[in-house]
Novice: 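Submitted below is the structure of interest, expressed as structure tokens.
The structure presented is a predicted model; accordingly, all values stated were derived computationally and were not measured.
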Amino acid sequence: MLILLAFIIVFHITSAALLFIATIDNAWWVGDNFSTDVWRVCATNTSTCMAITDEFNEYQSIQAVQAAMILSTIFCCVAFLVFILQLFRLKQGERFVLTSIIQLLSCLCVMIAASIYTDRHEELHQSHGYRMEVSKGQYGYSFVLAWIAFAFTLISGVMYLVLRKRK
């Protein structure tokens with residue numbers, strides 16, 4: 001039982017780490033001489049970065065992705081704290097339903113963020129606000145990590161729903 005508990009905690013911490021990296025790191029869309037995320041655009045050859053502001057086309061879409069990723073990370077961290085609290089407060093045989101609901105909300109938020117970015121990426125990178133050509137690129141590892149975090153949060157949310165507290 002202790003091994004299962006350790007696995008669940010490590011799995012949840014891994015999910016949170018993936019969400020933090022996907023939200024913060026600058027690699028949602030990458031090219032030969034640039035990398036972009038939901039916060040800024042960086043030229044890799046000159047190491048200069050420019051914040052994404054309201055002068056960009058589809059700025060509302062970027063803000064929706066930002067908000068959903070932040071909410072997802074917050075929900076994942078809150079779910080972990082609730083899980084720790086429920087470990088000590090639940091009676092034997094009860095399920096971790098509250099933790100599951102919060103973790104599934106995290107899953108929903110990261111899915112929304114990654115889906116918006118997937119759907120709107122062409123319009124996002126055609127903006128005249130960029131000082132460089134960013135339309136010719138590909139999805140970066142932060143984008144992939146966001147989708148992996150979606151799978152991890154979904155699995156852990158379902159795992160918490162099935163899990164019962166034992167002695």
Novice: Please report the closest heavy-atom contact between Ala68 and Ala113, naming both atoms and the distance.
Specialist: CB-CB, 3.6 Å
Novice: Does any part of the side chain of Met69, heavy atoms only, come nearer than 4.5 Å to the side chain of Val110, both counted from C-beta?
Specialist: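 A side-chain contact exists here, since the closest heavy-atom pair is under 4.5 Å.
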Novice: Please give me the minimum heavy-atom distance between Ala51 and Arg40, naming the atom from each residue.
Specialist: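 Taking every non-hydrogen atom into account, CA-CB, 4.0 Å.
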Novice: Please tell me whether Phe7 and Leu18 are part of a single hydrophobic cluster in this structure, the criterion being side-chain heavy atoms less than 4.5 Å apart.
Specialist: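 Same cluster.
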Novice: Atom CZ in Phe83, atom OG in Ser156: separation rounded to 0.5 Å?
Specialist: 10.0 Å
Novice: Check Thr153, Val10, Thr73 against Ser15 for a side-chain contact (heavy atoms from CB on, under 4.5 Å) and give me the one that passes.
Specialist: Thr153
Novice: Hey, quick one: are Leu108 and Ile102 part of the same hydrophobic cluster, counting side-chain heavy atoms closer than 4.5 Å, chains of contacts allowed?
Specialist: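 Hydrophobic grouping puts Leu108 with Ile102.
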Novice: What's the separation between atom CG in Leu19 and atom CD1 in Ile148, rounded to the nearest 0.5 Å?
Specialist: 11.5 Å
Novice: Ile112 and Phe143: same hydrophobic cluster, using ILVMFWY side-chain contacts below 4.5 Å?
Specialist: yes
Novice: Would the distance check show the side chain of Trp28 and the main-chain N or O of Ala22 forming a donor-acceptor pair, the cut-off being under 3.5 Å?
Specialist: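 Looks like yes, one N/O pair under 3.5 Å.
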Novice: Please name the pair of heavy atoms, one in Ser61 and one in Ile116, separated by the smallest distance, quoted to 0.1 Å.
Specialist: O-CG2, 3.9 Å
Novice: Using distance alone, with no hydrogens and no angle criterion, decide if Ser106 and Ser72 have a side-chain donor and acceptor under 3.5 Å apart.
Specialist: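 The criterion, which ignores hydrogens and geometry beyond distance, is satisfied for Ser72 and Ser106.
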Novice: Return the SG to CG distance between Cys76 and Leu81, rounded to the nearest 0.5 Å.
Specialist: 10.0 Å
Novice: Could you tell me whether the side chain of Leu154 reaches within less than 4.5 Å of the side chain of Leu104, counting heavy atoms only?
Specialist: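 Contact flag for Leu104/Leu154 side chains = yes.
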Novice: Mind checking the CZ-CD spacing from Arg89 to Gln86? Nearest 0.5 Å is all I need.
Specialist: 11.0 Å
Novice: Are any of the side-chain heavy atoms of Phe34 and Cys42 separated by less than 4.5 Å?
Specialist: no
Novice: Could you check Asn26, Thr23, Val65 and say which one makes a side-chain contact (heavy atoms from CB on, under 4.5 Å) with Trp39?
Specialist: Thr23
Novice: Does Leu4 belong to the same Ile/Leu/Val/Met/Phe/Trp/Tyr cluster as Phe152, with side-chain heavy atoms less than 4.5 Å apart forming each link?
Specialist: yes
Novice: Roughly how far, to the nearest 0.5 Å, is CG of Leu5 from CD1 of Ile9?
Specialist: 4.0 Å
Novice: Report yes if the side chains of Met159 and Gln103 come closer than 4.5 Å at any heavy-atom pair, otherwise no.
Specialist: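 Not touching, per the 4.5 Å side-chain cut-off.
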Novice: Could you tell me whether Trp29 and Tyr139 have their ring centroids closer than 6.0 angstrom?
Specialist: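 Yes, ring centres under 6.0 Å apart.
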Novice: Under a 4.5 Å cut-off applied to non-hydrogen side-chain atoms, are Thr99 and Phe80 in contact?
Specialist: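 Counting from C-beta outward, Thr99 and Phe80 never come under 4.5 Å.
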Novice: Linking I/L/V/M/F/W/Y whenever any side-chain heavy atoms sit under 4.5 Å apart, do Val38 and Val30 land together?
Specialist: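 Unlinked, Val38 and Val30 end up in two clusters.
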Novice: Please report the closest heavy-atom contact between Leu161 and Ser100, naming both atoms and the distance.
Specialist: CB-OG, 3.4 Å
Novice: Is any side-chain heavy atom of Ile155 closer than 4.5 Å to a side-chain heavy atom of Phe11?
Specialist: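 Yes. Closest side-chain heavy atoms under 4.5 Å.
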Novice: Calculate, to the nearest 0.5 Å, the distance between atoms CD1 and CD1 belonging to Ile8 and Ile3 respectively.
Specialist: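 Reported value, rounded in 0.5 Å steps: 12.0 Å.
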Novice: Is any side-chain heavy atom of Val82 closer than 4.5 Å to one of Phe96?
Specialist: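 Phe96 does not reach Val82 side chain to side chain.
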Novice: Taking the six-membered ring for Trp, is the centroid-to-centroid distance between Tyr160 and His12 below 6.0 Å?
Specialist: yes
Novice: I want to check something: taking the side chain as every heavy atom from C-beta on, are Tyr59 and Ile52 in contact at a cut-off of under 4.5 Å?
Specialist: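 They are in contact (side-chain heavy atoms under 4.5 Å apart), so the answer is yes.
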